[in-house]
Amino acid sequence: MNKTAVYPGSFDPVTNGHIDIINRGLRIFDKIIIAIGSNPTKSALFTVEERMDMIRNLIGDNQRLEVDSYEGLLVDYLIDVKASVILRGLRAMSDFEYEFQLALMNRRLDRQVETAFLMTGSKWFYCNSRIIKEAAALGGSVRGMVPDEVLRRLKEKFPQLQDANGRRRRSS
Ligand code: ADP
């Protein structure tokens, strides 16, 4: 049986931490649908189209990965794509409480749905889209935390963003 998981999130923008979870997920699932949800409580930096475009460029022609977007309840989207597993990534303990509540709510909404959590690689423990955007907006280098294409797009949004070589150095 083909096991498909839906990896939902804002991906605003996609980071190396997200990619780490996708690569780990591919060891377990036959197919992963990366699904961008429009979260009305969050204001986004990139449009859903821009976010999908960045992820599409990253995954290339890998037949086991698909990018999509959805509106409304995630459990309804899962029915549409005939999937019953939600893939989520766990970073530091701070993720746990929220992820636990979300998983229980989704299970309550649809008893057929299971959430699978994968632990991020230690390198990406503190890699988080919001912090990356905040640093980039203030001109701090985020090289190494996001794929090159995402870095380029962040530089378009924040011209003040320099790379590590251009950063001011503390005089000793
Ligand atoms: P959300 O806005 O719902 O948190 P995100 O785009 O931030 O969506 O993240 C989607 C999923 O990816 C979540 O399960 C989140 O915990 C996970 N994730 C994000 N960054 C990382 C990371 N550095 N390592 C592991 N998982 C991550």
Side-chain angles (χ1 to χ4, degrees), residues 4-29 31-59 62 64-78 81 83-110 113-137 140-151 153-154 157:
T4 298
V6 171
Y7 182 31
S10 312
F11 303 100
D12 183 41
V14 63
T15 69
N16 288 344
H18 292 126
I19 294 166
D20 181 72
I21 294 298
I22 294 168
N23 288 330
R24 287 172 198 279
L26 283 175
R27 295 188 202 141
I28 301 169
F29 300 103
K31 184 177 169 189
I32 298 176
I33 303 174
I34 303 149
I36 302 179
S38 27
N39 186 337
T41 64
K42 280 187 185 174
S43 59
L45 175 65
F46 293 98
T47 65
V48 170
E49 264 318 310
E50 285 174 318
R51 286 179 260 166
M52 287 179 71
D53 210 40
M54 284 186 267
I55 301 174
R56 265 197 215 106
N57 290 344
L58 277 170
I59 63 179
N62 189 332
R64 293 172 61 206
L65 294 173
E66 197 181 304
V67 192
D68 198 5
S69 65
Y70 70 96
E71 276 177 19
L73 284 176
L74 177 61
V75 289
D76 290 337
Y77 175 75
L78 268 103
V81 296
S84 56
V85 179
I86 299 169
L87 173 63
R88 295 286 286 182
L90 281 182
R91 289 164 288 195
M93 280 307 285
S94 49
D95 274 348
F96 186 78
E97 178 81 24
Y98 172 69
E99 291 291 342
F100 194 70
Q101 289 176 14
L102 201 63
L104 289 179
M105 176 53 93
N106 283 325
R107 183 185 288 167
R108 193 169 180 277
L109 293 171
D110 184 341
V113 163
E114 288 299 341
T115 304
F117 294 102
L118 290 182
M119 178 66 82
T120 187
S122 54
K123 246 173 118 179
W124 314 118
F125 230 62
Y126 295 102
C127 180
N128 151 339
S129 299
R130 185 177 55 84
I131 302 284
I132 286 172
K133 283 183 284 188
E134 284 176 11
S141 172
V142 293
R143 185 179 290 277
M145 298 179 89
V146 291
D148 287 348
E149 148 126 33
V150 175
L151 187 62
R153 299 235 196 173
L154 281 169
K157 298 264 183 199

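The shown structure was predicted, so the numbers you read here are calculated from the model rather than taken from an experiment. This chain uses plain numbering: 1 for the first residue, then up along the sequence. Order of appearance sets the numbers: ligands from 1, and atoms from 1 within every ligand.
Across every non-hydrogen atom of Tyr70 and Pro8, the tightest pair is OH-CB, 3.9 Å. Annotation for Arg91 and Met119: closest pair O-SD, 4.3 Å, computed over non-hydrogen atoms. For Val6 against Ala35, the heavy-atom pair with the smallest separation is CG1-CB, 3.8 Å.
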Inset, instruction - Show your reasoning for whether side chain to side chain contact (heavy atoms under 4.5 Å, CB included) applies to Ser69 and Arg51. - result: CA-CA 10 Å; Ser69 65; Arg51 286 179 260 166; over 6 Å; no
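Among protein residues, Tyr7, Pro8, Gly9, Ser10, Phe11, Gly17, His18, Ile21, Lys42, Arg88, Gly89, Arg91, Asp95, Glu99, Thr120, Trp124, Cys127 come within 4.0 Å of ligand 1, judged on heavy atoms.
Within the 3.5 Å criterion, the main-chain N or O of Leu45 finds a donor-acceptor partner in the side chain of Asp12.
Below 30°, between 30° and 60°, or above 60°: for Tyr7 and Phe11 the angle between ring planes is above 60°, a perpendicular geometry.
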